[in-house]
Structures are given as structure tokens and as C-alpha cells.
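Working notes for the structure below.
Sequence lines set the chain letters: A, B, ... in the order given, protein chains first and strands last, and positions in each chain run from 1.
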Amino acid sequence: MSTSQKKILSAAAVGAAAVAAARTVADRTSNAADEDVTRWRVVTVNRPLDDVVAGTPAPLADLGDAVEVRVHAAPGDKGSELWARWRDGADLPDDQDPAQVLRRALRGSKQLLEVGWVLEPGRHTTTEDTVLNAPLRKAISTARGAGLL
Amino acid sequence: MKALLWTGINETSVEEVPDPQVQNPEDMIVRVRRTVTCGSDLHLLGGYIPFMQKGDVLGHEFMGEVVEVGPDVRRHQVGDRVVVCSFISCGRCWYCKNELFSLCDNGNTNPGITEALWGANPGGCFGYSHAMGGFAGSHAEYVRVPYADVGAFRVPDGVSDERALFASDSASTGWMGADLGNVRPGDVVAVWGAGAVGQMAARAAMLLGAERVILIDRFDYRLRSAEQHVGCETLNYERVEVVEELRERSGGRGPDVCIEAVGMEAHSPSAVHAYDQVKQQLRMQTDRPTAVRQAIYNCRKGGTVFVLGVFAGLVDKFPLGAVMNKGLTLRSAQMHGQRYIPMLLERMERGELVTEHLATHTMPLTDGPRGYTMFKEKQDENIRSVFLPGG
Ligand SMILES: NC(=O)c1ccc[n+]([C@@H]2O[C@H](COP(=O)([O-])OP(=O)(O)OC[C@H]3O[C@@H](n4cnc5c(N)ncnc54)[C@H](O)[C@@H]3O)[C@@H](O)[C@H]2O)c1
Ligand SMILES: [Zn+2]
Ligand SMILES: [Zn+2]
């Protein structure tokens, strides 16, 4: 095999691995715990409890009575814990995954409390939609609401 | 503006893309004066970190001039000459408050990807794939710098662009390896990898008082460069037996601190290399940990191994038995640059830390693809290719 053939082969193998890894992440953007929609989800906020009880931050408040919110001090020097869950029988968003909606709201609330605003992702320069990059595009589009939280 | 884009595995090209804009109140826009290739980019180029999209702007180690500031930026003004940390960190979360800046909770706008991969998300990084936030990189005429007061630092008048550039990533990464690797006066320190990161780790160990610092690689030109500009000892592993040599140079004990600055594409002179490469290509392991294995094996009992090299996933034949039975401390991190950059700039101004020799090739950004080939293939004794977006 020539060096360039070897290079092409190994690039193809790495490429296939890349697609597979992105697909794994895309698949994992929802996890087993997502099935339990009313499960409590929690973020730790590096602010004293008083600042957090002062008011429910907008991203959570926007979900209204459908979510139940609970706050208490985190152990040690870690600030406060901000908990939220969809109430039993609440009107769930029907166009989006409720677990993702709640995760985004919790992460956004944490950032509002810690920083004062939510960091905007960079605007994409150029990109093409292809079958090969579909798993990665899916992983990116759901990445704010995905994860273990 | 012009920018150097990742366009596919081992493919880059310079193209026109939209100019960045201030999007958050603490953003600023920097006109890039110098931006440099990093060993980390090779892992992206080769497709080993599979979260790049065609058209993503590469580059994370850079300096330049402030051309626009958001309404809440306090420490910088238009016209300031700044060096910017490669990691994007808020400065206010628990991790930032504890100076673990690369673990920032609020720096990565795609937290779900790395939470799924690793169980938690590190901060964001310029030009380092969508797993690290998908921020546009610095190989461009302009770059958006979020959290500008936290991540950008004014360059003292006495420090040139050429020197300050490396405070952004390689010098601060190297310093972190020696600092968090717990280098103490009188220590013997071994560093694997004589690229910019390994050289800077070796220099940091010397400045922290190490008695002997031994840098290991197989490229004589890189080792010669380190002997001349860093002033450490060197060892070419293709010519001498590392195990025996390190024992001899440390009175039979083994180095107190072993710093790995090689990463997931490590080379190995033995048959294990072919084994690692095949397993990596079949996706049975994602990373080749040759130098990590060596660092662990050679470290003295009770010593510290610090992994600076970037790893993304799983490794094989990890010598956990040696870690356990020799009572080693194993540490690692992406760089917490904000913690070190001001001090490094002072040392640069005093002449204790020189970096210019790392920039073996300087060229206009439009030559970027050639610069990457030279860096990757180690052509013409390349250590780093520096790009000038201004031409
Ligand atoms: N932790 C961080 O935040 C951080 C920041 C910057 C770079 N990095 C990583 O640090 C590593 C080094 O970066 P760089 O820019 O110096 O890269 P580089 O590619 O220029 O240098 C790597 C060097 O390692 C040598 N090498 C390969 N296999 C070896 C082995 N088995 N033993 C000894 N040396 C070996 C190579 O010959 C080369 O000279 C990369 O993995 C990079 O991703 C990490
Ligand atoms: Zn880097
Ligand atoms: Zn932070």
C-alpha cells in the first residue's frame, strides 16, 4: 500500500469514528432519567441563599405554575442549590422535550444569578448541512438542553 | 473578514466569513495581530476530536488590539494591546472563584455534549470544536472575546507581540503543569514532548527551583532549541534508554515530577505503537497514551504525574497498577490560564521567560494551510507557525 493510500484509509477510519462518536452524543442528549418528566432537577449557584430566594429568575419564572421551585443552601462554600420540577399533571410543552426545556431554564437561571446575563453562542461562520454532519448538527442544536442535569 | 477554516479531516482553507460582533455586554472585539498553531489543533485536524463542522474557524492562542468593547467591559479600552487566554471563563462561578478557570460553569454554550461524553462540562475554548462551545477561533482578522475583563490581559510596553503571544496558551499551560504538578526546589523533573508546551513546562519547572529538568523527545532540532533557549537538559528517546537514563540522572530514585506534554497522538518506538494505532483507528481506543504510560512508569515512588497533553476519550493499557502501588498523584487539566497570565507577562518583561524561538515560521494568514502542514509534518525544523492576519 502506498503512503497516500494508507493516509486515505486512516483518514477514512478516523472520519467514520468521528461520525460514530457524534452519533453517540446525539443519542445521549436524552437519557433514561428524562422519561421521568416530574423528577427534580438541580443546579448549584455560586450566590448566597438570600440572593437566590429574592426572586425566581426569568427562565424559570417564564414556565409559570407548571414548575415547582425549591431553594436551599449548598454545603460548604458552594452557594445555593436551585431545584425545579414539572408539577404532576402540569401542562407540558408539546413542541419540545420537557426535560430539555427545564434543563435550559435551570442553566439559564444559574447564569443570570452568577453573571447577570446568558452567554450567547458564537454565530456560525459557514457550514453545510450534509448527511455526514447530521448527528453533530443535532447534538449542537440540543446541547443547551441536553446532558445529565 | 478572512479566516482559516477547518474544512475536513486534514483540510483547511482561508476564506471570507462574516465579521464577529459584540453579542453580550462583556464581549469585546480584538483585531488579531498574531495567532499561532498549537499541538491541540492537530488533534482537531486529524479528526480525533470529532465535533468540528466544515467552516469552523480554527485557532486559540493569540494576541491583538482591542477595536470595540461591550458596554460592561471595564478593564479594557479601544486601542489596548492584549493577550487573550485560550479558555473562555466567567470569573464568577465556583470553579472560577477557585482559580480552576478551564472548568468554568458558564463558558461553554454547548454543555450537553461534554456532559454526555465525560459526565460534566468544562469551560469554552476559542476555535476548539462544538464540544468546547463552538466559538470562532483566532485564525482570523477579528475575534469576539466573551468575558473580556476575565480572559484578556493588557500587554506591558516592555513585552513584544512576538513574546506575549505565547502567554495565551502554551506558556500558561506549561506553567500550570509545573505548578499543579507540585514542583519544589531541589526536584528532578522530567517532561515528555519538546513542543512549545513541553518547553514552557520545562522552563516553569526551572523557575520554580527544580534542581534538574530533563526534556524528552525524538526530534533533535526541538531538543537543541530547548537546550539553547530554555536551558534544560534533554534526552532523545530514539538514541538512549529512557528508563535507565532517568534513573541515572535522578540518583536511582526516578523523577519527582513527570509532566506529559505530548497528548493523544503520541509516537512510540516499539511494537506497541502499531497496536495503539490500529486500536485507535478501529475506534477500540480513541487516544494513544504512550507518553502517559512512560511518565507513570518512570516517576519516583510518591511522585506526581501531570498530564498536559490533550486526551478526548478512552485509552488502553493504562498502568493503574504502577499508579496505585507507587502511591503516585495523577493530575491533569485544560489550562487555567487566567491564573498565570499576569505573572507570566511580568516574567516576560523581566526576561526570565522567552518564547520568541518557538515561532520558527511567521507568515501571512493566507499561508495558514501551508503553516499547518509544516507544523504537523515538522518540516524545516518547525516548532510553531505564527500567522499574521494583517498580512
Ligand atoms: N492542557 C492544556 O490546556 C493544553 C494546552 C495546550 C496544548 N495542550 C496539549 O499539549 C500537547 C503538546 O502541545 P504542543 O503544542 O507542544 O504539541 P507539538 O505537537 O508541537 O509537540 C508534541 C511533541 O511530543 C513529541 N512526542 C510524541 N510522542 C512522544 C513520546 N512518546 N515521548 C516524548 N515525546 C513525544 C513530538 O515529537 C512533539 O515534539 C498536545 O497534546 C496539546 O493538545 C494542552
Ligand atoms: Zn493550545
Ligand atoms: Zn466561571
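- Of all residues in residues 108-120 of chain A, those placing a non-hydrogen atom less than 4.5 angstrom from a non-hydrogen atom of chain B are A:K110, A:Q111, A:E114, A:V115, A:W117, A:V118, A:L119, A:E120.
- For the pair B:K97/A:N46, a side-chain contact is recorded, criterion being any heavy-atom separation below 4.5 Å from C-beta on.
- Contacts between B:Q21 and chain A at a heavy-atom distance below 4.5 Å involve the side chain alone, from C-beta outward.
- Ranked by heavy-atom pairs under 4.5 Å with chain A, the list B:N24, B:D72, B:I88 is led by B:N24.
- Put simply, CG on A:L136 and CD on B:Q53 are 4.5 Å apart, with the number rounded to the nearest 0.5 Å.
- Enclosure of atom CZ in B:F311 by more than 12 non-hydrogen atoms of other residues, nucleotides or ligands within 6.0 angstrom is indicated.
- Nearest heavy-atom pair across B:I113 and A:A143 is CG1-CB, 3.9 Å.
- Only the side chain of A:R107 comes within contact range of chain B, with heavy atoms under 4.5 Å apart.
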Exercise. With side chain to side chain contact (heavy atoms under 4.5 Å, CB included) as the test, would you mind laying out the steps for B:R144 and A:R123 before giving the verdict?
Key: CA-CA 10 Å; B:R144 167 193 173 216; A:R123 302 208 175 114; over 6 Å; no
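- Contacts of B:C90 with chain A are made by side-chain atoms alone, with heavy-atom separations under 4.5 Å and no backbone atom involved.
- When each of B:N121, B:N110, B:T7, B:N108 is scored by its heavy-atom pairs under 4.5 Å with chain A, the top score falls to B:N110.
- For residues 57-88 of chain A, heavy-atom neighbours of chain B at less than 4.5 Å comprise A:D77, A:K78, sorted by residue number.
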